[in-house]
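What follows is one structure encoded as structure tokens, with my remarks underneath.
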Amino acid sequence: MRYLLLILLFFVVADVHAAESGIPALTMTTNENGSQEYSVTLQILFLMSVLTVLPAVIIMLTSFTRITIVLGILRRAIGLQQTPSNQVIIGLALFLTIFTMAPVLERININALQPYLEEQTGLMDSIKAAEKPLREFMLGQTRRTDLELFIRLSKKPVAELEQVSFFVLVPAFVTSELKTAFQIGFLLFIPFLVIDMVIASMLMAMGMMMLSPLVISLPFKIMLFVLVDGWALTIGTIAGSFGM
């Protein structure tokens, strides 16, 4: 996982250098016979290769997992199948991830990226500096029980949390994120579940057992969600769960 961070940081650094120094994405060589050959620079080829692992980095090392699960559970709790669409949920989750990870990204930029761009530190030193704020964020969101579980499974005990390997920290972090996301989703489900139960009881009392309660309760759930400013409450809850 340390090498994954190295690739991600190098991707950002190389992209900035390419933009500032004008590194051409495509080079042209003229042969003696007048013919021309085109070749893609190694740097651009490397940057394109990194794009394949970038989604995994975003999902496994940031707050993206928790946010997408909570938004998906919310849509299910309301009773809407395709509204908001998956594209809207993923887009909102991506920007919320950038918002919640802004302090960590800022520290990485100040302590690791800028010194490297100014040639004050080497690449490996910059990687270590970038690793520290990300590790602190992940440790702050990881439950001790989950961390101890994966430390025990790895059979590599450590004296301090700072010594935990990324191969142990990442699955523990993701497990904690899943648990936290489902806890928030459960709390979101309760008021909508109450509405469904009330509507179902009323229909049974009226003898309208053939009518689906979901059809009747859906407008009331949407109205309740809008009246209490549900989107602001949900997003505020998600952001607050990260200590913001």
Side-chain angles (χ1 to χ4, degrees), residues 1-12 50 52-74 76 89-90 92-113 123-190 234-244:
M1 196 59 62
R2 183 187 299 270
Y3 293 104
L4 198 59
L5 287 173
L6 173 62
I7 293 173
L8 179 60
L9 182 62
F10 187 81
F11 170 77
V12 177
V50 170
T52 59
V53 299
L54 192 58
V57 173
I58 295 177
I59 294 174
M60 296 291 102
L61 305 182
T62 66
S63 57
F64 184 82
T65 300
R66 183 189 303 184
I67 297 173
T68 51
I69 292 176
V70 171
L71 294 179
I73 292 177
L74 174 62
R76 183 70 178 177
I89 289 180
I90 296 299
L92 178 59
L94 183 59
F95 280 95
L96 286 177
T97 300
I98 297 174
F99 175 76
T100 55
M101 296 292 296
V104 178
L105 298 177
E106 185 177 359
R107 290 179 59 189
I108 292 176
N109 179 60
I110 295 175
N111 300 331
L113 183 57
L123 181 59
M124 295 309 300
D125 292 335
S126 298
I127 293 298
K128 293 180 180 179
E131 179 183 343
K132 183 177 180 180
L134 187 60
R135 177 185 286 270
E136 290 178 355
F137 168 79
M138 296 174 68
L139 284 174
Q141 303 300 324
T142 304
R143 290 177 173 81
R144 187 64 177 267
T145 54
D146 295 329
L147 193 58
E148 291 175 350
L149 169 64
F150 284 95
I151 291 176
R152 186 171 63 255
L153 292 176
S154 67
K155 299 180 180 179
K156 296 180 179 179
V158 295
E160 299 179 358
L161 293 179
E162 289 72 15
Q163 300 175 354
V164 176
S165 170
F166 257 90
F167 292 100
V168 175
L169 179 58
V170 170
F173 169 73
V174 175
T175 303
S176 293
E177 288 293 282
L178 292 174
K179 184 175 182 179
T180 303
F182 275 88
Q183 287 177 342
I184 298 175
F186 172 76
L187 296 177
L188 291 175
F189 237 107
I190 292 178
T234 303
I235 294 174
T237 301
I238 295 175
S241 65
F242 291 102
M244 300 190 68

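Just so it is clear, the model here is predicted, and its values are computed rather than measured. We use all heavy atoms of the structure for the numbers below, so side chains are in, but hydrogens, waters and symmetry mates are not.
- Between the side chains of T175 and D146, not a single donor N or O lies within less than 3.5 Å of an accepting N or O.
- Atom CG of L147 is separated from atom CZ of R152 by 11.0 Å, given to the nearest 0.5 angstrom.
- A pairwise comparison of heavy atoms in L188 and L74 identifies CD1-CB, 4.2 Å as the closest pair.
- To the nearest 0.5 Å, the span separating OG1 on T100 from CD1 on I235 amounts to 11.5 Å.
- For the pair P133 and I108, the tightest heavy-atom approach, listed with the atom from each and the gap, is CG-CG1, 3.6 Å.
- With rounding to the nearest 0.5 angstrom, the OG1 atom of T68 is 9.5 Å from the CD1 atom of I73.
- Within 6.0 Å of CD in E136 there are more than 12 heavy atoms belonging to other residues, nucleotides or ligands.
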| request: Quick one: do R143 and T180 satisfy side chain to side chain contact (heavy atoms under 4.5 Å, CB included)? Show the steps, please. | output: CA-CA 10 Å; R143 290 177 173 81; T180 303; 3.0 Å; yes
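- For the pair S176 and Q141, the tightest heavy-atom approach, listed with the atom from each and the gap, is CB-O, 3.6 Å.
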| task | Determine, stepwise, if the pair F189 / R76 fulfils side chain to side chain contact (heavy atoms under 4.5 Å, CB included). | result | CA-CA 9 Å; F189 237 107; R76 183 70 178 177; 4.3 Å; yes
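- One distance of note links CG of L169 with CG of L139; it measures 5.0 Å at 0.5 Å rounding.
- No side-chain donor-acceptor contact under 3.5 Å links T62 and T97.
- Here the CZ-CE distance, from F242 to M101, works out to 8.5 Å after rounding to the nearest 0.5 Å.
- In this structure, the separation between CD1 on I90 and CD1 on I67 is 10.5 Å, given to the nearest 0.5 Å.
- Of all the heavy atoms in F64 and A93, the pair that sits closest is CE1-CB, 3.8 Å.
- Contact between L61 and F173 at its shortest, heavy atoms only, is C-CE2, 4.1 Å.
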